[in-house]
Asker: 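One structure, as structure tokens, below. Some questions next.
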There are 2 protein chains.
Amino acid sequence: MIDFKELLKEHGIPPSLQRIKILEYLHDFNTHPTADVIYQALMNEMPTLSKTTVYNTLKAFAEKGVIVELSLFENEVRYEYNTTPHIHFKCIKCNIIYDISESFECLKNKEIEGHKVLEHHIYLKGICKNCRDSEE
Amino acid sequence: MIDFKELLKEHGIPPSLQRIKILEYLHDFNTHPTADVIYQALMNEMPTLSKTTVYNTLKAFAEKGVIVELSLFENEVRYEYNTTPHIHFKCIKCNIIYDISESFECLKNKEIEGHKVLEHHIYLKGICKNCRDSEE
DNA sequence: TTTCATACTTGTAACGATTACAAAATTGTA
DNA sequence: TACAATTTTGTAATCGTTACAAGTATGAAA
Ligand SMILES: [Mn+2]
Ligand SMILES: [Mn+2]
Ligand SMILES: [Zn+2]
Ligand SMILES: [Zn+2]
């Protein structure tokens, strides 16, 4: 059981109830939700929650390195709890975003052609195993 | 000198004046412009050009494989003439998007963890050579 | 405990990129 | 030339996101 309150404090973020709930959601579901998905999910137990708070919170988390911000295709920003670099695969049929466990040469914190790399993202697009199987 | 009219026909796209001009722009500048950048640039010589036409044309080009659609960070779709897979680096200071010539193992058209890969994108973010030099 | 400044949350309005849509213009073909 | 099909245009609508101002909670100092 992770103490999200502590985790936030360690990152210099005062742990409000809203912030804890949003971080909890990201950890528990461990998917790649948009701000709106999180908002809709927390609406039930927090009826007064504001969408603005969700947006602000996610942006603040990402800036402090608590979570990762993804911008993969289709003009929707997504967030995830897993901050270790990994490959993303988006299925063009079912729109599910898969984590690919295959390792790769990460250029993060390296210098390439004179440029200093701070982030490294690999995005794949195609048809997932499930959709291929059900196509037959 | 490329015959853009022919090029479009070969891809099954009837070559209207607007389409030829947009393709010409992408080829001549060879950067990673947004639809709006192209629209603004062509406004002078084509005063009646509609922004909708630019959006529609770029989308059609990308679908037919004439150009590539990029969705790298910051929620802005960009397009480019160069359809060969390569790495992109965006500088967080000057916002320029660089092409990285370094080669990499491309997973396009391969199968990974059961998924069929149709597109492969690598996006880097950091501080470019120019901005680092001028920081001193 | 009260006071007060600060930080956080909320709700609404505004924004910006993109898309939908219908009318006007153009095109290719008979 | 006639005409149907396609393309372009301009405007309105949409959607994700952000700005902003007012309300609320928090936590330290008195
Ligand atoms: Mn992931
Ligand atoms: Mn490029
Ligand atoms: Zn799928
Ligand atoms: Zn730069």
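Each chain gets a letter, A, B and so on, in the order its sequence line appears, and its residues count up from 1.
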Asker: Hey, are R132(A) and E111(B) close enough for a salt bridge, meaning a charged N less than 4.0 Å from a carboxylate O?
Answerer: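 E111(B) and R132(A): salt-bridged.
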Asker: Would you say K5(A) has more than 12 foreign heavy atoms packed within less than 6.0 Å of its NZ?
Answerer: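 Counting other residues, nucleotides and ligands, NZ of K5(A) stays at 12 neighbours or fewer.
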Asker: Hey, can you tell me if Y123(B) and H88(B) have their rings parallel, tilted or perpendicular (30° and 60° cut-offs)?
Answerer: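 Answer is tilted, since the angle falls between 30° and 60°.
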Asker: Are the charged groups of E69(B) and K59(B) less than 4.0 angstrom apart, N to O?
Answerer: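 Salt bridge between E69(B) and K59(B), a charged N being under 4.0 Å from a carboxylate O: no.
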Asker: Using a 4.5 Å cut-off on heavy atoms from C-beta on, say whether the side chain of Y98(B) contacts that of I87(B).
Answerer: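 Side-chain contact under 4.5 Å: no.
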Asker: Hey, can you pull the residues of residues 7-27 of chain A with a non-hydrogen atom under 4.0 angstrom from DNA chain C?
Answerer: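 Close to the strand are P14(A), S16(A), Q18(A), R19(A).
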Asker: May I ask you to list the residues of residues 32-57 of chain A, by number, that have any heavy atom positioned under 4.0 Å from an atom of DNA chain C?
Answerer: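 Hits under 4.0 Å, by residue number: T48(A), L49(A), S50(A), T52(A), T53(A).
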Asker: Between the side chains of T34(A) and D36(A), does any donor sit under 3.5 Å from an acceptor?
Answerer: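 No, no side-chain donor-acceptor pair sits under 3.5 Å.
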Asker: Mind checking which nucleotides bracket the chain B contacts on DNA chain C, 5' to 3', with an atom under 4.0 Å from a heavy atom?
Answerer: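 Here the contact window of chain B covers dA17(C) to dC21(C).
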Asker: State, with a plain yes or no, whether a side-chain heavy atom of L42(A) is found less than 4.5 Å away from one of I22(A).
Answerer: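 The answer is yes; the side chains approach within 4.5 Å.
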Asker: If we check side-chain hydrogen bond (donor to acceptor under 3.5 Å, both in side chains) with H32(A), which of these qualifies: R78(A), E80(A), K90(A)?
Answerer: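 Passing option: E80(A).
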Asker: List the steps and the verdict of ring-ring contact (aromatic ring centres under 6.0 Å, His included) for F104(B) and H120(B).
Answerer: CA-CA 11 Å; F104(B) 59 97; H120(B) 184 161; 5.1 Å; yes
Asker: Is the number of heavy atoms from other residues, nucleotides or ligands under 6.0 Å of K129(A) NZ greater than 12?
Answerer: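 Count not over threshold, so no.
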